[in-house]
Each structure stands twice: as structure tokens, then as C-alpha cells.
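These numbers come from a predicted model, not from an experiment.
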Amino acid sequence: MKNKILKNKMYLYLTEFFAGMSVMAVELGASRLLAPYFSSSQIVWTIIIGTIMIAMALGNIMGGRWADKDPNPDKLYGRIIVAAIWIALIPVVGKYIILGISALLVFTISTNFLVIAAFAACMVIFVFPLFLLGTVTPSLVKYTVDSLDDSGKVVGYLNASNTIGSIIGTFVPTFISIPAVGTSITFLIFAGILLILAIIYFVVGKTRSVKAVVAVIIFVISCIFGHGDSFAFWQHDLTYEGESIYNYLQVYEDDAKVVLSTNVLFGVQSVYRKEKTLTGMYYDYAMAAPFMAGVAEKDSLDMLVLGMGTGTFATQSSRYFDNVNVEGVEIDQKITNLAREYFELSPEIKVTTYDGRAFLQGLEADDKYDVIMVDAYQDITIPFQMSSVEFFSLVKEHLNDDGVMVVNMNMKTDTPGGINEYLADTISSVFSNVYTVDVSNNTNRELFASDSPDIVDRLRQGTEAEEDESLSAMMRKVDESLVSYEAGDRILTDDRAPVELLSMKAIDALIREEVDYYRDVYEEEGLAGLLEEL
């Protein structure tokens, strides 16, 4: 007997609406679930979109076949229940699956780790529930089309309902639920919507469904154990953990330092030393830029930081130079808030919440700086629009004639033709003088660029005149390690900037270096030695 609720086609349109909304919500949730482990680069987005399209295509095919073979709506709404429960379980087990897959693959593959691990995680976690939701549309067509006379109109309404739901499912997670309550609860919200939709169907039809009862129990359990927002679940005593529109954010500290991480697998974004002295970190090396721009000679020196982050460079520069005016640009307001609260970023330092390149484009032609620092290359994600020849030309337009650009490149490897060489070649096509220095015991490399031929001489003169011996010693170290860059022809442009693929190669190289060490430990000392080392 046909469920009487299906006599009202509005309910079928609502089913299509919520199915489309949930698919997009899960897709965006997938990006946030994967980002802390694999980044939010174009590569990861491509994997997410590709696997979801595979799932939906297979769902469309099988949904049509199942609807023709057995046109029983109970089975469709049963599949919706299963999809809802799977989605509800993602916050409970998803991060453990990701870590398990990563741990397995990191010791078995040596190239394309990011792609393979992210693809495997997507296939395991997201394909099945979205495959089930992909069966909704062809099944609903079967139940709604009464005659060929109105089939076009009915199918059009179904597709419109799905599309409108998808639109809402795109905006709500990004701008409302994820920033407000986090990724985990976002999954639970949309799982709950699907579950309610299916339960209403069975209640109205007075159909007993064991699936529905079991589903409610599992959903309640998921709400109890899956509402946490901790991605680095193995770490304890975190000072802060949360999410913004752009990032997963984690702050932890000890007696010596405060650390910001936006990625729990590939290092940290920022480290602030509490002793308020020179640290040997990249931002100490970068302080050579004010010397190169003549900070020792000028009454006032204007500095701009694109990618302010926690403000370590700005804080350190203000601490050691009393004649600098520093302002910053940071796209993520929550990072700026954390910088003020935990990293001692002075309230006197102005930070504009904006994209770095867009900020430069909005400046007047006569807005010039003595130093512009580009520090927007976050973890393993490099924004292509801030790596191209057009971008660096824009930076140059807003530098004084003797101004200096300093770029923090955070994936130093010896791989020929790597991302750093592309960046340096691109910068060398814009500036006539380019120097690099590797940060000791770190993967960072600092690049200094200027059209002034005197930047190294000014660095040396400023170092000699510097009264703070620790800063003078730091600058001598930079000077001794400076390498004049020999430019090649690997130029990144707005039209062609494969920074994601180049970054992936750098990550592969860094992973190989780390894994080779642990492999040697395992070969020499066995599993016990490996566990002890870990």
C-alpha cells in the first residue's frame, strides 16, 4: 500500500531539497575535516569534488535501476536513514580513519602521499553515504511522474528543489554552522535533518522500521561522542582549539613558547618565544630586511606585513627598532584575535582583515613602504595569486626606490625545480637583486629582493652600528649565510601557477626525509625501538 504522504508531491520535493542540501553540506564538511591533515589546497578540493561526483554518478545509476526493479518508497527512505547514520558517525570515527590511513600509507608510499592519502580517506569516509543520496533523484522521478503529459514539469521541479537545496547547503555550513558550532556538529545537524525526514515518512505511513529505531539510537550516541571539535585528539592541555571560516586553529603553549597550528600533520604556522629575545626563528632572519632598507639611517621606516598571522615578525621588529611603523594584513580575523590574546601582538599595530593582494590593489599609487614582508604561505598551502609575477610586480609598485621585499618560504628542500626555485625565479624577473638565506634547523628559507644594489652594504653598515650585541650577531649570521640567487626561467603567472603540485613535491621530499629515519630505526631496533622513538 502506497504511503499516503507521497500523495502530496510537496513532500517528495522536500525530500529532493534536503538531499541536495545535505550533499553540499557534507562536501564542505569534508573539506574542513580533511584540511587540518592534508591542507585545503586545490589538490584536496579536486579530490573531494571528484570522489563525490563518482559517488553521485553511481548513485544515479543504481537508484534508477533499483526504482525500476522494485518501486517501493520504503527502500528509498531506508537508504536515506542509512546515509544519515553514516554521516552522523563521521564526527565520531572520521578523524581516526584519516590518521589510520595516513599512518599506513606514510610507510608504504614515497611519492604523492598527499593525493593518495586524501583520496583514500575520501573514498572510505564519504563515498558510501553520498552514493546513497545519489539514488534519491531517480527514485523520486519514479514516484512523482504520473503521466508523460506532466513529466517534464515534475522532473524540472525535482531538479529545482535539489538545486535550491544545494545552494542553501553551500552557504549555511560555510557562513553559519561551521564558524558557529564547528565541523562535527555541522555533520550532526544535516544527518539529523535527513533522519527526521525519513522517520516522518515511516510514522505517517504507520510502517514499522527497525532501521529507524536503530538509527535513532546510533544518532543519539553520535551526538554524545561526536560533538567535539578536536582534530588533534592525541594532544592534551591545548590552550585553544577552534575553527574559523578559513582555518582549523590550535594554540598550545609551554613555559618557553606559544604555538599556532592550522595543520596537525605538517608542522606549525607560528612560534612565539616567551623570553622576548632573539630566537633563531625565521622572523629573526627576516629582520635583516629593515637593515637592508636603511633602518639605521632613517628617522622613520614604514613596514607592511602581508599574512600577519600571529604577528611575530611585527612584534620582534617593534621590539628591536624604535623607528619602525608596522601594519599588517591578515585574511582571518580569528587569527588576529588569537594574536592579540595569546601572542602579545600590540593593540597599537594595525591589522586589516583582507586578502593581501586585494589590499595592495586598493592602495593609492603614492602609498609606499620601505619593507614589505610576504608571509602568506601557510603550512603547505600557497595562494597562487600571491606567488605570480603580477603579484610581485604589485609589491614592487608599493615599495620605495630603496625598499626591500622579504618573503618567508616555508618548505625548504633540495629537490631540483621545487616550489622555492619557481618563486625565486619569478621574483628575480621583477627585482634586480635577490638573495636567499636558509634558517638553521628549520625548513624555512628567507628571500630578500630589491632594485637597490646597496642592500647588502646597508645590512653590513647597520650591523656594525647596531648597539644590541645579540641583534648584531644575528645579522652577521644572516650576512654570512646570504646567497645571491642565480635566476632561472621558471616563472609563475596568474595564468599558470601550479603551486599546489610543486608544494606536493616538496611535502613528499620532507616526508621521505622523516620516514627514512624511522624506517632505519625499525630495521635496526624492530617494532619496540620504533614505538619507543615515537
Contacts of type side-chain contact (heavy atoms from CB on, under 4.5 Å), residue D438, not counting sequence neighbours: K412, R445
Would a distance-only check, ignoring hydrogens and angles, find a side-chain to backbone donor-acceptor pair under 3.5 Å from [X] to [Y]?
X	Y	value
K368	E397	yes
T352	Y354	no
Y282	T443	no
T315	T312	no
S429	T426	yes
D254	K257	yes
Y320	L278	yes
R32	N247	yes
S31	L28	yes
N420	M409	no

May I ask you to test the [X]-[Y] pair for a side-chain heavy-atom distance under 4.5 Å?
X	Y	result
L447	V406	no
V439	M281	no
V259	V251	no
V351	V329	no
V172	F190	yes

Residue pair F291, F321: steps toward the ring pair (Phe, Tyr, Trp, His ring centres under 6.0 Å) verdict: CA-CA 10 Å; F291 281 104; F321 304 118; 5.3 Å; yes
For residues [X] and [Y], is any side-chain donor paired with an opposing acceptor at under 3.5 Å?
X	Y	value
T336	E330	no
E390	T493	no
Y369	E327	yes
Y248	Q250	yes
S244	D332	yes
N408	Y283	no
Q333	N337	yes
E341	Y240	no

Test D402 against S450 for side-chain contact (heavy atoms from CB on, under 4.5 Å), laying out the working first. CA-CA 7 Å; D402 59 351; S450 177; 5.9 Å; no
Distance, nearest 0.5 Å, that separates [atom1] of [X] from [atom2] of [Y]:
X	Y	atom1	atom2	value
I167	M24	CD1	CE	10.0 Å
T463	L459	OG1	CG	4.0 Å
S184	I90	OG	CD1	10.0 Å
S346	R340	OG	CZ	7.0 Å
M21	F171	CE	CZ	14.5 Å

So, are K396 and D451 salt-bridged, with charged N and O less than 4.0 Å apart? yes
Between W86 and F128, how do the two ring planes meet: parallel, tilted or perpendicular, split at 30° and 60°? tilted
Where do [X] and [Y] come nearest, in terms of heavy atoms and distance?
X	Y	answer
G294	R458	N-NE, 3.8 Å
S440	Y285	OG-OH, 3.1 Å
F343	V258	CE2-O, 3.4 Å
V437	S481	CG2-CB, 3.5 Å
E486	D425	O-OD1, 4.4 Å
I47	V115	CD1-O, 3.5 Å

After noting the C-alpha distance and the side-chain angles of S102 and Y37, does the key distance pass the side-chain contact (heavy atoms from CB on, under 4.5 Å) rule? CA-CA 9 Å; S102 300; Y37 307 100; 5.6 Å; no
Reference residue L301; test side-chain contact (heavy atoms from CB on, under 4.5 Å); the match among V326, N400, N325, D370: D370
Identify, with sequence neighbours excluded, every residue that meets side chain to side chain donor-acceptor pair (under 3.5 Å) alongside N433. none
Contacts of K350 that satisfy side chain to side chain donor-acceptor pair (under 3.5 Å) - sequence neighbours left out: none
Please list all pairs passing the salt bridge (charged side-chain N to carboxylate O under 4.0 Å, His left out) test where one or both residues lie in residues 275-287, with sequence neighbours left out. K276-E344
Candidate pair N444 and E446, rule side-chain contact (heavy atoms from CB on, under 4.5 Å), full reasoning: CA-CA 7 Å; N444 292 69; E446 302 308 296; 4.1 Å; yes
Name all residues meeting the salt bridge (charged side-chain N to carboxylate O under 4.0 Å, His left out) criterion together with D479; count only those two or more places apart in sequence or in a different chain, and write none if there are none. R460
Mind checking what makes salt bridge (charged side-chain N to carboxylate O under 4.0 Å, His left out) contact with D355, not counting sequence neighbours? none
Could you walk me through whether N162 and V23 pass the side-chain contact (heavy atoms from CB on, under 4.5 Å) check? CA-CA 10 Å; N162 185 283; V23 167; over 6 Å; no
Within a 6.0 Å radius of atom CZ on F119, are there more than 12 heavy atoms belonging to other residues, nucleotides or ligands? no
